Amino acid sequence: CSSDLPMLTRRSLLRSVPAFALASSNWAQSAKPSIRLRSLHSFTLAVSNLKRSVEFYQGLFGLPVQFRQSGSVGLRIGSGPQHIRLVQSAKPEIRGYSMGVDKFDRASVAAKLAAHGIAHEDLFVADPDGLRFQLLAANDCGVSACGPLERAPSKGLLPLRDLSHITLRVSDGPASIAFYQRLFGMPVLSRQGTMGIGLAVGSHRQFVFLSSAGRTPQLHHGCFTMPGFQPDAVFKKLSQFGLKPRPSADAPDKIGRAHV
C-alpha cells in the first residue's frame with residue numbers, strides 16, 4: 001500500500017473517472033467547508049484475541065501502548081496521538097475510523113452536523129452507506145486520561161511514521177463525494193486509475209479514498225506511511241516475520257505493494 005499517488009488535475013480526472021469528477025467539480029464550486037479537518041486520527045480493529053493482536057502489531061511495527069481500557073488497547077503510530085485501537089470481539093472486522101478536527105469544540109461540531117441534517121451519537125457519524133467515523137480533537141489520545149507510554153518489547157521490523165489513508169468501498173461515488181465535500185470541504189487530492197479518488201484530510205497528504213467498484217460498501221483498509229519506504233526491503237522483512245504479500249482484490253494477478 002503506498003501513498004505516493006499523483007496529484008489530480010481536472011483534465012486527468014475527467015478522462016479517468018467521469019462520474020466521480022462531475023460530483024467533485026460541482027461541489028468544489030459550490031460548497032463551503034463547514035467542519036475543518038486537520039488529520040486522520042485512528043482506526044478501530046475488532047480482533048478475536050486481543051493479546052495475540054497486540055503482540056503481532058508490536059512485533060512487526062514496535063508500536064508502544066498509548067492506552068488500555070477494558071477490552072481494548074491503543075497502539076501509538078509514529079509520534080502520536082494517531083493510533084490503532086484494538087477491541088476484543090467475537091467478530092473480527094475493521095469497525096470504524098476517526099478524523100481530528102481543527103480547533104475542536106464539541107458543541108460547535110454538533111451544531112454544524114445538525115445544520116447539515118446529520119444525526120450523530122457522541123460525534124459518531126454514518127456516511128451515505130452507513131460507514132461510521134468519529135470526529136474528535138486532533139490531539140485526543142483515545143481515552144479521557146492517558147498515562148505514560150508503555151514501550152513495546154522490541155523496536156519491531158518496520159517503523160511507521162503516520163496514517164496515510166483510509167479506503168472506503170462505496171455504492172454511489174458521486175453521492176459519497178457530495179457528502180464528504182459538503183460537510184468538510186475536502187478537495188480532491190489523488191486518483192488511482194479508474195477505481196476512485198482520494199479526498200484530502202487536512203494539509204499533510206492524508207486522504208479518504210472512495211472506491212466505487214461495485215462491491216458491498218465497507219471500510220476496506222487503512223494504510224500507513226513509513227520513513228524510507230523501499231518495497232523490496234519491506235517485503236523481505238514481512239517474509240522474515242512469516243507474512244506473505246497477498247494479491248490485490250482489484251487485480252488478482254498483481255501483488256499489492258505492501259498488502260498483507
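In this text, all values refer to a predicted model and were calculated from it rather than measured experimentally.
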Starting at [atom1] of [X], measure out to [atom2] of [Y] and round the result to the nearest 0.5 Å.
{"X": "K155", "Y": "F61", "atom1": "NZ", "atom2": "CZ", "result": "15.5 Å"}
{"X": "R205", "Y": "S164", "atom1": "CZ", "atom2": "OG", "result": "8.5 Å"}
{"X": "T44", "Y": "E93", "atom1": "OG1", "atom2": "CD", "result": "10.0 Å"}

In residues 128-144, what donor-acceptor pairs under 3.5 Å come from side-chain atoms, sequence neighbours left out?
from, atom 1, to, atom 2, distance (Å)
D129, OD1, S171, OG, 2.5
D129, OD2, S171, N, 3.1
D140, OD1, G142, N, 2.7

Test ring pair (Phe, Tyr, Trp, His ring centres under 6.0 Å) applied to F241 - qualifying residues, sequence neighbours left out: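 Applying ring pair (Phe, Tyr, Trp, His ring centres under 6.0 Å) to F241 gives F56.
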H83: which residues meet the ring pair (Phe, Tyr, Trp, His ring centres under 6.0 Å) condition with it, sequence neighbours left out?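 Expected list: H41, F67.
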Given side chains that start at C-beta, do those of [X] and [Y] come closer than 4.5 Å, heavy atoms only?
{"X": "V73", "Y": "L75", "value": "yes"}
{"X": "I177", "Y": "V170", "value": "no"}
{"X": "I77", "Y": "F224", "value": "yes"}
{"X": "D162", "Y": "Q82", "value": "yes"}
{"X": "M186", "Y": "L37", "value": "yes"}
{"X": "T225", "Y": "L163", "value": "no"}
{"X": "F229", "Y": "P231", "value": "yes"}
{"X": "F179", "Y": "L210", "value": "no"}

Please give me the minimum heavy-atom distance between [X] and [Y], naming the atom from each residue.
{"X": "M226", "Y": "L158", "result": "CE-CD2, 3.9 Å"}
{"X": "L60", "Y": "L243", "result": "CD2-CD1, 4.1 Å"}
{"X": "L40", "Y": "F207", "result": "CD1-O, 3.8 Å"}

Can you list the residues that meet the side chain to side chain contact (heavy atoms under 4.5 Å, CB included) rule with [X], with sequence neighbours excluded?
{"X": "L149", "result": "P64, Q66, R76"}
{"X": "I94", "result": "L45, L219"}
{"X": "Q88", "result": "L50"}
{"X": "A110", "result": "H120, L123"}

Quick one: which residue pairs count as a salt bridge (charged side-chain N to carboxylate O under 4.0 Å, His left out) with a foot in [range], not counting sequence neighbours?
{"range": "residues 218-228", "result": "none"}
{"range": "residues 103-124", "result": "R106-D122"}
{"range": "residues 39-48", "result": "none"}

Any residue meeting side chain to side chain donor-acceptor pair (under 3.5 Å) with S39, in chain and number order, not counting sequence neighbours: none
Does a side chain donor of either S98 or S42 reach within less than 3.5 Å of an acceptor in the other side chain? yes
Are side-chain N/O atoms of H116 and S34 paired as donor and acceptor at under 3.5 Å? yes
Check whether Q206 reaches the backbone of H165 with its side chain - one donor and one acceptor, N or O, closer than 3.5 Å. no
Given 3.5 Å as the limit, does a donor-acceptor pair link the side chain of Q218 with the main chain of R169, or not? no
Apply side-chain contact (heavy atoms from CB on, under 4.5 Å) to Y97 and L168, showing your working. CA-CA 11 Å; Y97 69 103; L168 307 178; 3.9 Å; yes
Pairs touching residues 52-65 that satisfy side chain to side chain donor-acceptor pair (under 3.5 Å), sequence neighbours left out: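 The answer is S48-R52, K51-E55.
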Show, in sequence, the C-alpha distance, side-chain angles and deciding distance for S79 and R161, and conclude whether the side-chain contact (heavy atoms from CB on, under 4.5 Å) test is met. CA-CA 7 Å; S79 59; R161 176 179 289 163; over 6 Å; no
Side chain to side chain donor-acceptor pair (under 3.5 Å) assessment of R38 paired with S203: CA-CA 7 Å; R38 180 180 294 180; S203 58; over 6 Å; no
Please tell me whether F43 and V87 are part of a single hydrophobic cluster in this structure, the criterion being side-chain heavy atoms less than 4.5 Å apart.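 In one cluster with F43: V87, no.
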List the steps, then state whether side-chain contact (heavy atoms from CB on, under 4.5 Å) holds for V201 with I166. CA-CA 10 Å; V201 178; I166 301 291; over 6 Å; no
Do L183 and L113 pass the side-chain contact (heavy atoms from CB on, under 4.5 Å) test, and can you show the C-alpha distance, the side-chain angles, and the key distance before you say yes or no? CA-CA 8 Å; L183 188 56; L113 289 172; 3.9 Å; yes
